[in-house]
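Inspection log for the structure reproduced underneath, given as structure tokens.
For ligands, and for the atoms within them, numbers begin at 1 and follow the listed sequence.
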Amino acid sequence: MKAIAVRPGQPGSVHLRDIPTPSLNSAGTKGIRVKVLKVGVDATDREINDALYGNSPPGDDYLVLGHECFGKVLEVGPDVRLVKPGDYVTATVRRPGGSIYDKIGTYDMTSEETYYERGINLLHGYLTEEFVDTEDYIVRVPDGLKHLHVLMEPMSCAAKAIQQAFECQRRMKVWRPQRAFVLGAGQIGLLSTLVLKLRGLDVYTLARAKGPHLKSEIVEGLEAKYVATSETSLIELARQVGKADLIIDATGSSRIAFEAMQALGLNGALVWTSITGGKAVTEVPSDRVNIEWVLGNKLLLGSVNANREHFEAGIKDLAMGEVMYPGVLKKILTSPVDGLDGYQEMMRLLVEDNSALKVFVNVQDE
Ligand code: BGC
Ligand code: ZN
């Protein structure tokens with residue numbers, strides 16, 4: 001069967017290749033065989049193709065790309081309980097290593113240096129026609145959300161990041177955050193905006209360009225406030241409306257991630273979610289930030305990836321989002337690519353098209 005792959009370490013190596021079709025038996029009695037319908041791509045795929053990130057599975061000199069999948073169950077093993085043939089599904093990205101966290105289903109919190117991620121690190125991804133995996137990693141998507149297909153994985157990352165912040169803030173005994181800043185209006189920024197609105201916060205979502213444009217329209221459709229940093233910087237915003245109780249950085253810029261430390265209020269939490277594969281070096285006002293953080297009991301939290309629980313929570317939030325803000329979320333899905341053969345167009349959209357909010361491949365019809 002066809003697959004879109006790269007040769008990790010070799011920049012610009014994206015190509016189409018033929019790989020073996022997996023059999024249901026390879027995953028034991030809890031195996032599920034999935035027909036891939038759509039796969040989303042993001043900056044991580046771009047960095048992998050730029051050879052900044054990612055590794056092949058041991059023994060292979062290629063890596064099948066794709067970690068944001070949406071498909072339909074074709075066949076299940078005898079011990080599968082949670083899905084049946086014909087159900088729509090998505091799948092988690094990480095697979096467990098050997099630490100205690102891996103063993104209890106929280107592989108997103110592994111304490112081992114080596115991590116296994118389908119389509120990213122040491123495991124092949126979903127940009128192919130079919131895959132087989134076990135029930136533990138496959139999550140049902142309700143039929144009523146199938147129009148949001150490839151948003152399930154990015155949503156799981158947003159859901160985890162915010163859930164983790166609330167979890168950590170239990171240190172406060174009482175924490176009723178009111179104001180949130182979301183930095184970046186890409187998929188994670190927009191989906192974080194939704195999660196925070198559903199939790200009742202006043203949300204300011206920041207991105208560079210002055211609106212109106214699609215990003216500002218989606219932010220406002222979610223009843224959050226869009227702020228163009230080309231007009232009002234983050235620091236200026238904090239001066240105008242007050243510092244935030246919770247900040248989610250999803251800009252992909254480590255400079256902004258550090259700058260955000262100056263916009264967080266007392267007892268607040270700042271969550272970093274961006275993968276920055278480059279080598280940027282930034283100067284920070286470290287004395288000032290240091291004293292403010294100590295005197296203000298502030299928290300900095302990194303959040304990667306997601307496990308099954310976060311996929312399930314994210315799917316519930318997407319469902320609630322559709323009820324609260326009908327029709328808004330699907331506007332994120334801007335840029336379809338036709339078939340696996342369209343891999344060059346897929347990379348072109350990822351690299352060159354600034355208006356492409358979400359690039360995804362329509363792998364095949366149902
Ligand atoms: C993916 C995550 C992954 C991260 C780092 C992101 O693009 O969505 O699942 O953990 O890259 O590899
Ligand atoms: Zn991703």
Side-chain angles (χ1 to χ4, degrees), residues 4 6 8 38-57 63-70 90-97 101-102 105-127 133 137-139 148-164 184 186-192 195 248-254 257 271-278 301-315 318 332-333 335 346-347 349-351 356-361:
I4 300 179
V6 294
K38 294 169 193 292
V39 175
V41 287
D42 69 3
T44 300
D45 301 283
R46 196 181 58 211
E47 291 202 341
I48 296 171
N49 190 43
D50 285 344
L52 295 172
Y53 196 62
N55 290 291
S56 309
L63 170 74
V64 175
L65 280 179
H67 61 275
E68 303 173 359
C69 91
F70 176 74
T90 185
T92 63
V93 179
R94 280 250 170 122
R95 293 294 173 272
Y101 306 103
D102 297 285
T106 57
Y107 37 79
D108 55 317
M109 307 297 271
T110 190
S111 57
E112 294 184 334
E113 288 292 336
T114 306
Y115 56 91
Y116 302 86
E117 292 180 345
R118 288 197 68 154
I120 301 175
N121 208 40
L122 304 170
L123 297 170
H124 290 308
Y126 305 116
L127 267 167
D133 218 322
Y137 313 115
I138 295 199
V139 183
L148 298 182
H149 45 84
V150 300
L151 292 184
M152 305 303 147
E153 195 276 340
M155 185 60 180
S156 72
C157 296
K160 174 185 170 181
I162 292 161
Q163 190 244 49
Q164 287 272 300
Q187 53 175 359
I188 301 293
L190 294 171
L191 295 170
S192 298
V195 177
I248 310 293
D249 172 64
T251 54
S253 158
S254 54
V271 189
W272 285 354
T273 70
S274 295
I275 301 295
T276 50
L301 170 66
S303 177
V304 70
N305 203 278
N307 65 46
R308 176 179 203 97
E309 179 196 335
H310 310 117
F311 273 76
E312 289 169 352
I315 287 170
L318 285 173
I332 299 175
L333 297 162
S335 311
M346 173 191 96
M347 272 300 162
L349 286 167
L350 263 182
V351 176
L357 191 44
K358 183 72 216 160
V359 181
F360 61 96
V361 181

### Task
List the closest protein heavy-atom neighbour of atom 8 (O) of ligand 1: residue, atom name, distance to the nearest 0.1 Å.
Glu153 OE2, 2.9 Å
## Note on the structure
One finds that the ligand 1 atoms under 4.0 Å from a non-hydrogen atom of His67 are 1 (C), 6 (C), 7 (O), 8 (O)
### Message
Can you name the atoms of ligand 1, numbered from 1 with element, that are less than 4.0 Å from a heavy atom of Asp42?
### Response
7 (O)
### Message
What I'd like to find out is whether the side chain of Thr114 reaches to under 4.5 Å of the side chain of Leu122, using heavy atoms alone.
### Response
yes
#### Entry: Within reach of ligand 1, part of Glu117 (heavy-atom separation under 4.0 Å)
side chain
### Message
Show the atoms of ligand 1 that are less than 4.0 angstrom away from any heavy atom in Ile275.
### Response
4 (C), 5 (C), 11 (O)
### Task
Could you tell me whether any N, O or S atom belonging to Cys157 is less than 2.8 Å from the Zn ion (ligand 2)?
no
### Task
Answer with side chain, backbone, both or neither: which part of Asn121 has a heavy atom less than 4.0 angstrom from an atom of ligand 1?
neither
### Query
Which heavy atom of Asp45 sits nearest a heavy atom of Met347, and at what distance?
O-CE, 3.7 Å
#### Entry: Distance-only polar pair, side chains of Asn307 and Thr106, donor-acceptor under 3.5 Å
no
### Query
When you measure from atom 5 (C) of ligand 1 to every protein heavy atom, which one gives the shortest distance, and what is it?
Tyr53 OH, 3.2 Å
#### Entry: Residue Asp42 atom name (nearest to the Zn ion (ligand 2); N/O/S)
OD2
#### Entry: Under 3.5 Å donor-acceptor, His67 side chain and Gly119 backbone
no
#### Entry: Part of Arg94 with heavy atoms under 4.0 Å of ligand 1, whether side chain, backbone, both or neither
neither
#### Entry: Under 4.0 Å to a heavy atom of Ile120 - the qualifying atoms of ligand 1, by number
3 (C), 11 (O), 12 (O)
### Message
Contact between Pro57 and Leu63 at the side-chain level, heavy atoms closer than 4.5 Å - yes or no?
### Response
yes
### Message
Using a plain distance cutoff, I'd like to know if Asn305 has any nitrogen or oxygen under 3.5 Å from a nitrogen or oxygen of ligand 1.
### Response
yes
### Lys/Arg N to Asp/Glu carboxylate O, Glu153 vs Arg118, below 4.0 Å
no
### Query
Which protein non-hydrogen atom lies closest to atom 6 (C) of ligand 1, naming both residue and atom, and how far is it?
Thr44 OG1, 3.3 Å
### Query
Do side-chain atoms of Gln187 reach the backbone of Pro154 as a donor and acceptor pair under 3.5 angstrom?
no
### Task
Mind checking the CZ-CG spacing from Arg94 to Asn121? Nearest 0.5 Å is all I need.
8.5 Å
### Query
Nearest heavy-atom pair of Val41 and Lys358: which atoms, and what distance?
O-NZ, 2.9 Å
### Atoms of ligand 1, numbered as shown, that sit under 4.0 Å from any heavy atom of Val304
10 (O)
